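All values reported here derive from a predicted model rather than from experimental measurement.
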Amino acid sequence: MIEEEIALALLESGAVKLRPEEPFKWASGWNSPIYCDNRLTLSFPAIRSKIKNALVAAVKEQFSEVEAIAGVATAGIPQGTLIAEVLNLPFLYVRPKPKDHGLENLIEGKITPGQKVVVVEDLISTGGSSLKAVEALKDNGANVLGMVAIFTYGFAVAQDNFSKAKVKLSVLSNYEALLAAALKNNIVAEKDLETLKEWRKDPGAWKK
């Protein structure tokens, strides 16, 4: 299954780390047994190619009418560039906020009114910042077909946000596949699974 293949690649590269006994502290203040930084995969050519090819396949399968690729800054930029290069499509990216000088651009690159765009993101948490990028593109005349991403925690709030925004989302791997791959490859023990599953139910209130 591609979900478990990608999950194992994320674990092997160190892009995803699992520490149920010694939780991480997220910027949000949440305690978490998982930390994800998919930018690390870029340093491993074989894994980088695996992810690139899987994302290209997802774009072709889910969004065959695509005319341009847009990355969400910053982690979506390199992946989006790789996809655009393979598909020979224009590339642009969306900043989290406009530049404070020059033309004060929020979007870097050229958008043609009505252009069919697929957005590239590395990680889906709540979906908030990803969907802001979609709105920025729409506000600037793009026809956003949907979004592809490498990994999602699968939070209910993210599913609700994408549903409300009517944005189609295609993700290579997810939390369930990650736990399955981690257990199968002896990265976590069976006794840790319950802790990892409990966190996902209510991450804001979870404490080890």
Side-chain angles (χ1 to χ4, degrees), residues 2-3 5-7 9-10 13-16 36-99 102-153 158 161-162 165-174:
I2 187 65
E3 292 93 346
E5 282 183 34
I6 296 297
L10 297 179
S13 64
V16 170
C36 182
D37 181 3
N38 291 329
R39 285 167 290 205
L40 277 172
T41 62
L42 298 165
S43 297
F44 299 84
I47 290 174
R48 184 177 68 216
S49 291
K50 181 188 285 286
I51 290 171
K52 174 192 69 178
N53 293 337
L55 287 170
V56 167
V59 171
K60 285 181 175 179
E61 181 181 336
Q62 301 290 330
F63 309 106
S64 60
E65 298 179 357
V66 60
E67 296 172 339
I69 300 294
V72 179
T74 60
I77 294 175
Q79 297 295 349
T81 305
L82 290 169
I83 296 168
E85 183 67 18
V86 172
L87 296 176
N88 194 32
L89 290 173
F91 176 74
L92 51 143
Y93 69 87
V94 186
R95 295 174 176 274
K97 60 182 181 180
K99 283 196 299 187
L103 297 176
E104 300 182 350
N105 292 342
L106 178 60
I107 297 171
E108 300 291 356
K110 181 176 174 59
I111 298 179
T112 303
Q115 192 171 38
K116 296 172 182 176
V117 176
V118 171
V119 183
V120 180
E121 182 64 284
D122 75 318
L123 172 67
I124 303 297
S125 181
T126 65
S129 58
S130 305
L131 291 170
K132 281 183 182 176
V134 170
E135 284 305 307
L137 288 162
K138 288 181 176 179
D139 289 346
N140 281 270
N143 175 8
V144 178
L145 300 180
M147 181 179 295
V148 293
I150 299 172
F151 184 77
T152 179
Y153 293 116
N161 286 339
F162 275 88
K166 297 181 180 177
V167 175
K168 184 177 180 180
L169 175 64
S170 178
V171 185
L172 299 186
S173 191
N174 55 64

TODO: Could you pull out all residues at least two apart from Lys60 that satisfy side-chain hydrogen bond (donor to acceptor under 3.5 Å, both in side chains)?
DONE: none

- [ ] Working to the nearest 0.5 Å, report the span between CD1 of Ile150 and OG1 of Thr152.
- [x] 12.0 Å

Task: Gap separating the CD1 atom of Ile2 from the CG atom of Leu172, nearest 0.5 angstrom - done: 6.5 Å

- [ ] Report yes or no: does Asn38 contribute a side-chain atom to a donor-acceptor pair with the main-chain N or O of Asp122 at less than 3.5 Å?
- [x] yes

Task: Least distance between heavy atoms, Gln115 atom then Glu67 atom - done: CA-OE1, 3.4 Å

TODO: Could you give me the CA-CA distance, side-chain angles and deciding distance for Ser130 and Glu121, then say whether side chain to side chain donor-acceptor pair (under 3.5 Å) is met?
DONE: CA-CA 7 Å; Ser130 305; Glu121 182 64 284; 2.8 Å; yes

Task: Val94 side chain reached by Val72 side chain, heavy atoms, under 4.5 Å - done: no

Open item on the list: With side chain to side chain contact (heavy atoms under 4.5 Å, CB included) as the criterion, how do Leu10 and Ile51 come out once you've worked through the C-alpha distance, each side chain's angles and the decisive distance to 0.1 Å?
Closed with: CA-CA 10 Å; Leu10 297 179; Ile51 290 171; 4.2 Å; yes

Task: Shortest non-hydrogen contact between Ala54 and Ile6, atoms and distance - done: CB-CD1, 4.3 Å

- [ ] Show your working on side chain to side chain contact (heavy atoms under 4.5 Å, CB included) between Val120 and Val59 and close with a plain yes or no.
- [x] CA-CA 10 Å; Val120 180; Val59 171; 5.7 Å; no

- [ ] Please identify each residue that fulfils ring-ring contact (aromatic ring centres under 6.0 Å, His included) with Tyr93, with sequence neighbours left out.
- [x] none

Task: Heavy-atom check, side chain of Lys138 versus side chain of Glu135, under 4.5 Å - done: yes

Open item on the list: Whether the Ser13 and Arg48 side chains hold a donor-acceptor pair (N or O, under 3.5 Å, no angle test) is what I'd like checked.
Closed with: no

Task: For Phe91 against Ala84, the heavy-atom pair lying closest together - done: CB-CB, 3.8 Å

Open item on the list: Which heavy atom of Ser125 sits nearest to which heavy atom of Ala158, and what is that distance?
Closed with: O-CB, 3.2 Å

Task: Side chain to side chain, Gln62 and Val148, heavy atoms closer than 4.5 Å - done: no

Task: From Ile77 atom CD1 to Leu82 atom CG, the distance as rounded to the nearest 0.5 Å - done: 12.0 Å

Task: Residue pair Pro96 / Leu106: nearest heavy atoms and the distance that separates them - done: C-CD1, 4.3 Å

Task: Gap separating the CD1 atom of Ile83 from the CG atom of Asn53, nearest 0.5 angstrom - done: 10.0 Å

Task: Minimum heavy-atom distance Asn140-Ile111, with the two atoms named - done: O-CG2, 3.8 Å

TODO: Carefully, step by step, assess Lys168 and Leu145 under the rule side chain to side chain contact (heavy atoms under 4.5 Å, CB included).
DONE: CA-CA 7 Å; Lys168 184 177 180 180; Leu145 300 180; over 6 Å; no

Open item on the list: For Glu85, is the CD atom crowded, meaning more than 12 foreign heavy atoms sit under 6.0 Å from it?
Closed with: no

Task: Side-chain heavy-atom pair Gln79, Leu42 within 4.5 angstrom cut-off - done: yes

Task: Approximate separation, where rounding is to 0.5 Å, of Ile124 CD1 and Tyr153 OH - done: 11.0 Å

